[in-house]
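Note that the structure is a prediction, hence the values are computed from the model and not measured.
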Amino acid sequence: EVQLVESGGGSVQPGGSLRLSCTASEFTFDDYYTAWYREFTGGECEQVASLDRDGISTDYSDFVRGRFTISQDNAKTTTYLQMNNLNREDTAVYYCAADPTPLVSDCTHQRGFGYWGQGTPVTVSA
C-alpha cells in the first residue's frame, strides 16, 4: 500500500528544535515533489516548505524561512523537516505530502491530490 508516514513530532520549549521525518512506502521521492504543511487548531492550513523532484530546489514560507530546513536522504525514501528556534506560533499538526506534479500552497486544493501522511503534532510551550 502506498503511504507516507510522519514521525518526530512532540512537545518542546520555545527556542527548541525538532526534526520531522516522512517515510514513503512502495515508492521513492525520485519522481515526486514533496512538501510539508501544517494545520492549526482553528483549521487554518499552510504550506511551510517544499522540495522539487531534484531534491535540491527548496522554498519556504516567510514564517519559517531561516528556521526550518527541508531535505531528503540519499535513498530518496525519507523527507525531513528540521525545525529550529521554535516558537508558540509553530504549534500545529504537521503533514507531509508528495505529488508527481508541483504541490500548491493551498492546502484545501492540494488535499485532493497526491499522497498525504497522517500528520504528527508539534506543541511548543514553556
Side-chain angles (χ1 to χ4, degrees):
E1 178 184 358
V2 176
Q3 61 178 349
L4 297 175
V5 178
E6 300 102 334
S7 62
S11 296
V12 64
Q13 293 184 339
S17 298
L18 285 174
R19 189 176 79 158
L20 306 183
S21 299
C22 172
T23 302
S25 64
E26 305 298 329
F27 74 97
T28 66
F29 291 111
D30 279 304
D31 298 320
Y32 290 82
Y33 296 83
T34 313
W36 286 93
Y37 295 82
R38 62 186 180 184
E39 184 172 0
F40 301 102
T41 302
E44 181 182 354
C45 181
E46 64 181 14
Q47 185 188 91
V48 297
S50 63
L51 183 65
D52 279 1
R53 290 183 300 183
D54 61 8
I56 299 173
S57 302
T58 60
D59 195 18
Y60 299 92
S61 77
D62 291 340
F63 299 107
V64 308
R65 185 174 291 112
R67 300 187 297 122
F68 291 12
T69 303
I70 186 171
S71 63
Q72 286 177 344
D73 66 341
N74 291 335
K76 297 298 185 82
T77 60
T78 302
T79 298
Y80 302 101
L81 185 68
Q82 178 67 43
M83 306 186 296
N84 298 328
N85 194 21
L86 287 160
N87 56 59
R88 292 180 176 82
E89 289 71 34
D90 296 316
T91 295
V93 178
Y94 285 72
Y95 298 86
C96 69
D99 197 309
T101 62
L103 295 118
V104 299
S105 59
D106 184 325
C107 300
T108 303
H109 178 79
Q110 185 62 50
R111 279 285 188 181
F113 302 92
Y115 302 110
W116 285 74
Q118 82 289 352
T120 185
V122 171
T123 302
V124 185
S125 65

A.B. asks: For Thr120 and Gly9, indicate whether the former's side chain and the latter's backbone hold a donor-acceptor pair under 3.5 Å.
C.D. replies: yes
A.B. asks: Which heavy atom of Phe29 sits nearest a heavy atom of Ala98, and at what distance?
C.D. replies: CE2-CB, 3.9 Å
A.B. asks: To the nearest 0.5 Å, what is the distance between CD on Gln72 and OG1 on Thr58?
C.D. replies: 11.5 Å
A.B. asks: What are the two closest non-hydrogen atoms of Lys76 and Gly55, and how far apart are they?
C.D. replies: NZ-CA, 4.2 Å
A.B. asks: Test the Arg111-Tyr37 pair against the cation-pi criterion, namely NZ or CZ under 6.0 angstrom from the six-membered ring centroid and within 45° of the ring axis.
C.D. replies: no
A.B. asks: Apply side chain to side chain contact (heavy atoms under 4.5 Å, CB included) to Cys96 and Thr79, showing your working.
C.D. replies: CA-CA 8 Å; Cys96 69; Thr79 298; 5.9 Å; no
A.B. asks: Apply side chain to side chain contact (heavy atoms under 4.5 Å, CB included) to Gln118 and list each qualifying residue two or more places apart in sequence or on a separate chain.
C.D. replies: Val5, Glu6
A.B. asks: Closest approach of Leu103 and Ala97, non-hydrogen atoms and distance?
C.D. replies: CD2-CB, 3.7 Å
A.B. asks: Once rounded to the nearest 0.5 Å, what's the spacing between atom CG of Asn84 and atom CZ of Arg19?
C.D. replies: 11.5 Å
A.B. asks: Does Gln110 offer a backbone N or O that forms a donor-acceptor pair with the side chain of Trp116 under 3.5 Å?
C.D. replies: yes
A.B. asks: Could you tell me whether the side chain of Glu39 reaches within less than 4.5 Å of the side chain of Tyr95, counting heavy atoms only?
C.D. replies: yes
A.B. asks: Could you go through the side chain to side chain contact (heavy atoms under 4.5 Å, CB included) check for Phe113 and Val104 one step at a time?
C.D. replies: CA-CA 10 Å; Phe113 302 92; Val104 299; over 6 Å; no
A.B. asks: Under a 3.5 Å distance rule, please check whether Asp52 uses its side chain to pair with a backbone N or O of Ile56 as donor and acceptor.
C.D. replies: no
A.B. asks: Is there a donor-acceptor pair under 3.5 Å between the side chain of Asp59 and the backbone N or O of Ser50?
C.D. replies: no
A.B. asks: Would you say that Gln13 contacts Ser125 through its side chain, given a criterion of any heavy-atom pair below 4.5 Å between the two side chains?
C.D. replies: no
A.B. asks: Measure the OG-CD distance between Ser21 and Gln82 for me, rounded to the nearest 0.5 Å.
C.D. replies: 9.5 Å
A.B. asks: What distance do Arg53 atom CZ and Thr101 atom OG1 have between them, rounded to the nearest 0.5 Å?
C.D. replies: 9.0 Å
A.B. asks: Answer yes or no: is there a side-chain heavy-atom contact under 4.5 Å between Cys22 and Leu4?
C.D. replies: yes
A.B. asks: For Val122, what are the other residues in its hydrophobic cluster, where any two members join if their side-chain heavy atoms are less than 4.5 angstrom apart?
C.D. replies: Val12, Leu18, Leu20, Trp36, Val48, Leu51, Tyr60, Phe63, Val64, Phe68, Ile70, Leu81, Met83, Leu86, Tyr94, Val124
A.B. asks: Taking the side chain from Asp62 and the backbone from Arg65, do they hold a donor-acceptor pair closer than 3.5 Å?
C.D. replies: no
A.B. asks: Counting only N and O atoms by type, is there a donor-acceptor contact under 3.5 Å from the side chain of Asp99 to the main-chain atoms of Pro102?
C.D. replies: no
A.B. asks: Would you say Asp54 has more than 12 foreign heavy atoms packed within less than 6.0 Å of its CG?
C.D. replies: yes
A.B. asks: Which label fits Tyr32 and Phe27: parallel for a plane angle under 30°, tilted from 30 to 60°, or perpendicular past 60°?
C.D. replies: tilted
A.B. asks: Quick one: which residue pairs count as a salt bridge (charged side-chain N to carboxylate O under 4.0 Å, His left out) with a foot in residues 78-92, not counting sequence neighbours?
C.D. replies: Arg38-Asp90, Arg67-Asp90
